[in-house]
Amino acid sequence: MKQTKSLLPVVSEKDIKRYWDMQRTMLQNDVFCAEDLLAPFTEEEKELLLSSSRCDQIEALCHRKKDPIRRLFFAQNEEIVGFVMYCIYASEDGKCFVFDFYVMSHLRCQGAGSAFFALFKEQAMHEGAAYFELNTHCVRALRFWKRQDFLENGTDDAGVILLCLPPKEQGTFTRVEHPDLSDADILWQVRKLINGWRNEQGESAVTDEEMEQLCASAAKGTASLLLVRRGYRVVGMRLMQNGICKAEFVEPAFDCETVRNRLKNR
């Protein structure tokens with residue numbers, strides 16, 4: 001029997017309640033017990049993720065005017081069997097960040113997840129997405145996303161593995177010397193790249209104290225950063241201290257000869 005798959009927007013109060021019920025099920029049955037790429041969640045972290053305050057925060061983000069969070073149900077033969085929560089950052093570079101992607105367990109390993117992602121991808125691109133990004137803490141999820149052509153792309157600012165489905169167009173890359181680290185947008189992107197480099201070296205994520213030391217060293221001139229940007233996004237960096245290269249990292253999804261050349265000393 002042919003299975004008809006579709007996407008349904010989360011709109012009504014009934015929809016929203018159902019969404020949160022399904023998300024709690026996902027957290028309890030899939031997330032909290034599958035942290036095999038990270039340290040186990042603490043009880044405090046679990047309580048926070050299940051808290052009403054987090055629900056309220058996300059609902060507020062769903063209603064903001066700039067880059068609102070969006071949610072869709074996955075339906076098979078009109079039965080709701082999963083959901084996706086995502087945000088398309090039109091104010092940046094069209095990145096679509098997928099916060100949650102969930103398919104009920106009885107449909108897994110049957111191609112349902114791939115089919116729903118294909119539907120979602122088409123919908124998101126119609127809404128303005130240029131490329132896709134997400135993070136993961138689970139080996140099973142990592143394998144699934146690699147089957148959807150995602151690449152491991154360093155780590156986020158907390159040291160969690162990032163995956164990226166790159167844009168079709170390479171875009172224009174610009175070199176930025178001595179970036180302003182007082183700019184919060186630049187600083188968190190630099191932190192991601194430093195974490196990507198440290199992950200490659202088998203080291204733990206950079207700490208707040210270490211980032212403060214880097215900013216202080218840059219201000220004194222004993223450390224300098226060279227960045228490469230693709231529009232809004234910082235995709236490569238080189239960190240120099242006392243004339244010695246201490247770290248260099250390019251996001252794999254954007255790694256190319258052009259970016260490497262931009263990072264070379266003139």
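Only this structure's heavy atoms are used, side chains among them; waters, hydrogens and symmetry mates stay out.
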TODO: Among T4, L107, V103, find the residue that satisfies the side chain to side chain contact (heavy atoms under 4.5 Å, CB included) test when tested with Q76.
DONE: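 That would be L107.
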Open item on the list: Tell me which one of N153, L162, T155 satisfies side chain to side chain contact (heavy atoms under 4.5 Å, CB included) with K192.
Closed with: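 With K192 as partner, side chain to side chain contact (heavy atoms under 4.5 Å, CB included) holds for just one option, L162.
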Measuring only between side-chain heavy atoms, which start at C-beta, is [X] closer than 4.5 Å to [Y]?
{"X": "L165", "Y": "F150", "result": "yes"}
{"X": "F101", "Y": "F144", "result": "yes"}
{"X": "P252", "Y": "E152", "result": "no"}
{"X": "I58", "Y": "R54", "result": "yes"}

- [ ] Report, as yes or no, whether the 6.0 Å neighbourhood of atom CZ on R64 holds more than 12 heavy atoms from other residues, nucleotides or ligands.
- [x]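 For R64, atom CZ is crowded (more than 12 foreign heavy atoms under 6.0 Å).
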Lys/Arg N to Asp/Glu carboxylate O, [X] vs [Y], below 4.0 Å:
{"X": "R230", "Y": "E251", "result": "no"}
{"X": "K121", "Y": "D149", "result": "no"}
{"X": "R71", "Y": "E59", "result": "yes"}

- [ ] Using distance alone, with no hydrogens and no angle criterion, decide if Q148 and S114 have a side-chain donor and acceptor under 3.5 Å apart.
- [x]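 The criterion, which ignores hydrogens and geometry beyond distance, is satisfied for S114 and Q148.
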Open item on the list: Pairing donors with acceptors under 3.5 angstrom, does anything connect the side chains of R70 and Q123?
Closed with: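 No, because no side-chain N or O of R70 sits under 3.5 Å from a partner of the opposite role on Q123.
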Task: Parallel, tilted or perpendicular: rings of Y102 and F83 (30°, 60°) - done: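 Ring orientation of F83 relative to Y102: tilted.
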Open item on the list: Can you tell me which residue among R260, R198, R262 is in a salt bridge (charged side-chain N to carboxylate O under 4.0 Å, His left out) with E248?
Closed with: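 Exactly one pass, corresponding to R260.
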